Protein chains: 2
Amino acid sequence: MLSKKTQYALRALSFLAARHDQGPVLITEIAEQKKIPVKFLENILLELKNADILDSKKGRGGGYFLKEAPHKTSLARVMRIVEGPIALLPCVSLYFYQKCADCTEDVCPINGVFIQVRDATLKVLESKTLEDIQEMTLEAIDFSI
Amino acid sequence: MLSKKTQYALRALSFLAARHDQGPVLITEIAEQKKIPVKFLENILLELKNADILDSKKGRGGGYFLKEAPHKTSLARVMRIVEGPIALLPCVSLYFYQKCADCTEDVCPINGVFIQVRDATLKVLESKTLEDIQEMTLEAIDFSI
DNA sequence: AAATATCCTACTAAACTTGTAGACTATTTA
DNA sequence: TAAATAGTCTACAAGTTTAGTAGGATATTT
């Protein structure tokens with residue numbers, strides 16, 4: 001299960017993606033709209049900024065905004081920043097690899113399955129971007145259908 | 001990431017799968033071979049027994065053994081018992097469903113992706129069984145190749 | 001200078017993880 | 001039938017992580 005932190009991050013980014021190119025958005029506005037504790041969200045957005053997903057502006061008229069167009073940021077990238085490894089075993093992780101204690105990997109009967117799980121998961125999370133989880137805005141809905 | 005508990009469970013089952021139909025195996029033997037703390041392993045095996053994955057025999061000549069043939073038990077089933085939900089979001093879990101706080105699911109822009117992740121993961125974990133993670137035994141290796 | 005809004009570090013309570021302890025029950029063997 | 005064997009079960013405890021809070025520092029605008 002994803003931590004609350006990661007869920008909050010995704011919701012906030014979903015909101016910011018919908019507002020892309022419309023100027024900075026206040027933390028307080030995101031927090032209110034997405035029902036996220038303000039101070040917690042502060043930490044999360046700062047972390048995403050330090051990881052180059054977001055950018056920000058201080059002072060009046062300031063706020064947070066996506067650093068790049070929504071389709072440029074994959075969900076895998078976001079999740080690695082806030083959640084950590086995507087793989088289910090340390091010895092099978094691409095970005096957070098750690099040798100399993102007492103596991104002779106070349107003979108390990110278990111890691112093969114979890115390489116398959118990892119690849120199946122990444123196939124989705126690397127291809128989906130913030131554009132795909134963009135919050136629906138009223139303007140975006142085609143009422144003519 | 002899977003908890004140590006789940007990793008231990010899989011390793012123990014991998015060992016028991018290789019010994020299927022060869023009579024009960026002592027907890028202490030599994031613990032020693034797989035480098036798992038004995039008392040911790042006790043709890044895990046008991047849980048697997050209560051969930052009908054394992055069966056046991058008390059007293060001399062006793063121990064644990066698979067209740068069914070290795071290919072009958074999927075990894076998904078094991079993981080749901082010891083780890084809990086396989087899905088990454090509660091609102092997308094098949095066996096541990098919970099409504100997301102403040103999430104209007106029919107409009108939620110996020111859960112669609114995690115349904116895809118869930119299905120991709122389950123495609124592997126439901127099809128792989130204890131037979132697939134069975135520990136290699138010397139007898140099973142074909143030296144004639 | 002005052003107001004606004006992000007930046008940053010540190011702290012805390014609660015929950016979960018990873019074990020451990022010890023007494024109890026069932027089975028086998030001498 | 002007593003002793004030894006081996007699983008059963010509940011409770012506890014230390015360590016770690018999660019989720020959230022506090023409050024001052026810094027940058028920008030008016």
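Numbers restart at 1 for each chain; the letters A, B, ... are given by sequence-line order, proteins then strands. All values reported here derive from a predicted model rather than from experimental measurement.
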Measure from CG on B:Asp55 to P on D:dA6 and round the result to the nearest Å. 17 Å
Once you round it to whole Å, what is the distance between C1' of C:dC8 and CD of A:Glu47? 13 Å
Counting just side-chain N and O atoms, does A:Asn43 come under 4.0 Å of either OP1 or OP2 of C:dT6? no
Quick one about B:Ser14 and B:Gln134 (side-chain donor to acceptor, distance below 3.5 Å, no hydrogens or angles considered), yes or no? no
Taken in chain and number order and not counting sequence neighbours, the residues that satisfy ring-ring contact (aromatic ring centres under 6.0 Å, His included) with B:Tyr95 are none
Need one value for A:Leu45: base, sugar-phosphate or nothing, where a base atom within 4.0 Å counts as base even if backbone is also close, heavy atoms only. nothing
At what distance, to the nearest 0.5 angstrom, does CD1 of A:Ile110 lie from CZ of B:Arg11? 7.0 Å
When rounded to whole Å, the CD1 to P distance for the pair B:Ile36 and C:dT20 reads 12 Å
A:Leu16 CG to C:dT6 C1', straight-line distance once rounded to whole Å: 14 Å
With sequence neighbours excluded, residues passing side-chain hydrogen bond (donor to acceptor under 3.5 Å, both in side chains) with A:Glu42: A:Lys39
Tell me whether A:Leu26 shares a hydrophobic cluster with A:Ile36, the cluster being built from Ile, Leu, Val, Met, Phe, Trp, Tyr side chains joined at under 4.5 Å. no
Between atom NZ in A:Lys49 and atom P in C:dA5, what is the gap in whole Å? 16 Å
Options D:dC9, D:dA19, C:dT20, nucleotide nearest the side-chain atoms of B:Asn50: D:dC9
What is the separation between atom CD on A:Gln7 and atom C1' on D:dG20, rounded to the nearest whole Å? 15 Å
Would you please confirm or rule out a distance under 4.0 Å between OP1 or OP2 of D:dA19 and any side-chain N or O of A:Tyr8? no
Reading nucleotides 23-30 of chain D from 5' to 3' and marking B where a protein heavy atom lies under 4.0 Å of the base, S where only the sugar-phosphate is that close, and - otherwise, the string is B--BSBSS
Between D:dC12 atom P and B:Phe40 atom CZ, what is the distance in whole Å? 18 Å
Roughly, in whole Å, what's the span from CG in B:Leu2 to P in C:dC16? 18 Å
Among A:Val117, A:Asp119, A:Val124, find the residue that satisfies the side-chain contact (heavy atoms from CB on, under 4.5 Å) test when tested with A:Thr121. A:Val117
Charged N-O contact under 4.0 Å between B:Glu29 and B:Lys34: no
